[in-house]
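Here's the structure, in structure tokens; my notes come after.
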Amino acid sequence: MSNTRKKVAIVGASGYTGSELARFLLHHPEVEIEMITSETHKGKTFSTLHPQFTGQLDMPLVSAQKVADEPMDVVFLALPHGVSMNFVKQWSDKSFKIVDLSGDFRLKNAEVYEHWYKKDHNYQEGFANAVYGLPELHKEEIRKSDLIANPGCYPTASTLGLAPLVNEKLIDIQGIIIDAKSGITGAGIKPSLTTHFSNVNDNFRAYGVKSHRHTIEIEEQLGFLNEGEVKVQFTPHLLPLDRGILATSYSTPLKDMTQKKLDELYQSFYRQKPFVRVRESLPTLKDVRGSNYCDVYPIWDERTNRIMVFSAIDNLVKGAAGQAIQNMNIMLGFEETLGLLQNPLKP
Ligand SMILES: NC(=O)C1=CN([C@@H]2O[C@H](COP(=O)(O)OP(=O)(O)OC[C@H]3O[C@@H](n4cnc5c(N)ncnc54)[C@H](OP(=O)(O)O)[C@@H]3O)[C@@H](O)[C@H]2O)C=CC1
Ligand SMILES: CC(=O)N[C@@H](CCC(=O)OP(=O)(O)O)C(=O)O
């Protein structure tokens, strides 16, 4: 362990991803949580809001405006879309690195953002500096970056499931279907009618049909790999569970396919990628619960000549906080897996 630990701040720590960031960073051997912010709860301790941290992380919550007063190495923004951009803009001349968990800088430019997010963007310049933080595809750019646009949860599961096929130009990129299901923590801590217990419990529904903002995020990332225009029919569903995403994608091969070819392709593509596990059985949400793994399992159906890929992640970990720390590790020159190989949560 080094005695010059890097100083990090978690901004927006009263939410779900803020709490997950703390869960991992608290045990990270090379960093110190220097500051945790909350506007609504400043003055209280972090463990008052998240009692599971009692005796472990009892530091007081302060306003985000205090972050720039202290020397920091990395600042995590666990804030809603439309809020993060203000801080990225305000801190653009600071020396610390930023990992933004929101969608404010994930897309190509402000125009595309405004179309899909239905809100104005006030810091277009940020797009030029931001690197899309999916380490399995962009590790070298992440290493040199000062601003990471941490991917969305559904795009992480979906893109990792399809990347080997799209990269090798093996499937029809205009006819991809992704059917994805998420636990409710994906919707954040603020209650709403849709996430109300009695509307979620013993219930199941699709939402965001034809219009979910993750459609474009997946299309842009797969398009980058294929250098072509990707069209995805993406439909998310809300599961009556707290956490986890299972994305099932369907695509049509352009060349002769066999299960053996598919297995070899996935094994080879993910050989040096410690957080993607190519499975030989269908992944379940409990297999990845609490961990930073993305489990993928590709199957070719010779009867229909379709490829199905099943990918499972924990939306709060590989889909948010864990991936953010994986990005931090890469930016700071640490081992990619540092602090992230805790035991998975018990089912
Ligand atoms: N939940 C998930 O599975 C995933 C989430 N993300 C993204 O990560 C980000 C955080 O998500 P999540 O933790 O779920 O969100 P939450 O809604 O759980 O928490 C967001 C926090 O942001 C703070 N906040 C809200 N409004 C403001 C504001 N105007 N100014 C400053 N702070 C504000 C609040 O803290 P306080 O009031 O205490 O300051 C709140 O607790 C979001 O952009 C989300 O889209 C990405 C991938 C997956
Ligand atoms: C279940 C649920 O509501 N999930 C969220 C996605 C969460 C996520 O990935 O966050 P970003 O908004 O940062 O992209 C949704 O569909 O809006």
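Counting starts at 1 for both ligands and their atoms, following the listed order. Both backbone and side-chain heavy atoms feed into the values below; hydrogens, waters and symmetry mates do not. Predicted model only: the values in this text are computed from it and were never measured.
Remark: minimum distance from atom 32 (N) of ligand 1 to any protein heavy atom is reached at Leu79 CD2, 3.2 Å. Protein heavy atom nearest atom 21 (C) of ligand 1, with residue, atom name and distance: Ala78 O, 3.6 Å. For atom 46 (C) of ligand 1, the nearest protein heavy atom (residue, atom name, distance) is Leu101 O, 3.5 Å. Nearest to atom 31 (C) of ligand 1 among the protein's heavy atoms is Glu39 CG, 3.7 Å.
Ring planes of Tyr154 and Tyr207: tilted class, angle from 30 to 60°.
Heavy-atom neighbours of Asn201 CG from other residues, nucleotides or ligands within 6.0 Å: above the threshold of 12.
Residue contact check: His212 has heavy atoms under 4.0 Å from atoms 15 (C), 16 (O), 17 (O) of ligand 2. Close approach of ligand 2 to Leu238 (heavy-atom distance below 4.0 Å) involves ligand atoms 1 (C). Close contacts of ligand 2 with Gly183, meaning ligand atoms under 4.0 Å from a residue heavy atom, involve 1 (C). Listed by number with element, the atoms of ligand 2 under 4.0 Å from a non-hydrogen atom of Arg213 are 6 (C), 11 (P), 12 (O), 14 (O), 15 (C), 17 (O). Heavy-atom proximity to Gly152, at under 4.0 Å, picks out these atoms of ligand 2: 9 (O), 14 (O). Close approach to Tyr207 involves these atoms of ligand 2, each under 4.0 Å from a residue heavy atom: 1 (C), 2 (C), 3 (O), 4 (N), 15 (C), 16 (O). Less than 4.0 angstrom separates some heavy atom of Tyr154 from each of these atoms of ligand 2: 16 (O).
With a heavy-atom cut-off of 4.0 Å, Val83 touches ligand 1 through its side chain alone. Residue-level proximity to ligand 1 for Thr37 is absent, since no heavy atom of it falls below 4.0 angstrom. Only the side chain of Arg106 comes within 4.0 Å of ligand 2, counting heavy atoms alone; its backbone N, CA, C and O stay farther away. Here Cys153 has heavy atoms under 4.0 Å from ligand 2 in both its backbone and its side chain. Residue-level proximity to ligand 2 for His214 is carried by the side chain, the only part with a heavy atom below 4.0 angstrom.
Of the options Leu79, Leu77, Asp104, Val75, a side chain to side chain contact (heavy atoms under 4.5 Å, CB included) to Val88 is made by Leu77 and by none of the others. For the ring-ring contact (aromatic ring centres under 6.0 Å, His included) with Phe105, the lone residue among Tyr132, Phe127, Tyr113 that qualifies is Phe127. Here the rule is side chain to side chain contact (heavy atoms under 4.5 Å, CB included) with Phe76, and of Leu25, Asn327, Asn150 only Leu25 fits it.
Using a non-hydrogen distance threshold of 4.0 Å, Ala64 does not register as a contact of ligand 1.
The residue among Ser14, Ser63, Gly15 with a heavy atom at the shortest distance from atom 19 (O) of ligand 1 is Gly15. Counting heavy atoms only, Gly186 comes closest to atom 4 (N) of ligand 2 of the residues Gly186, Ser182, Gly208. The option with the heavy atom closest to atom 11 (O) of ligand 1, from among Leu77, Val11, Thr17, Ile245, is Thr17.
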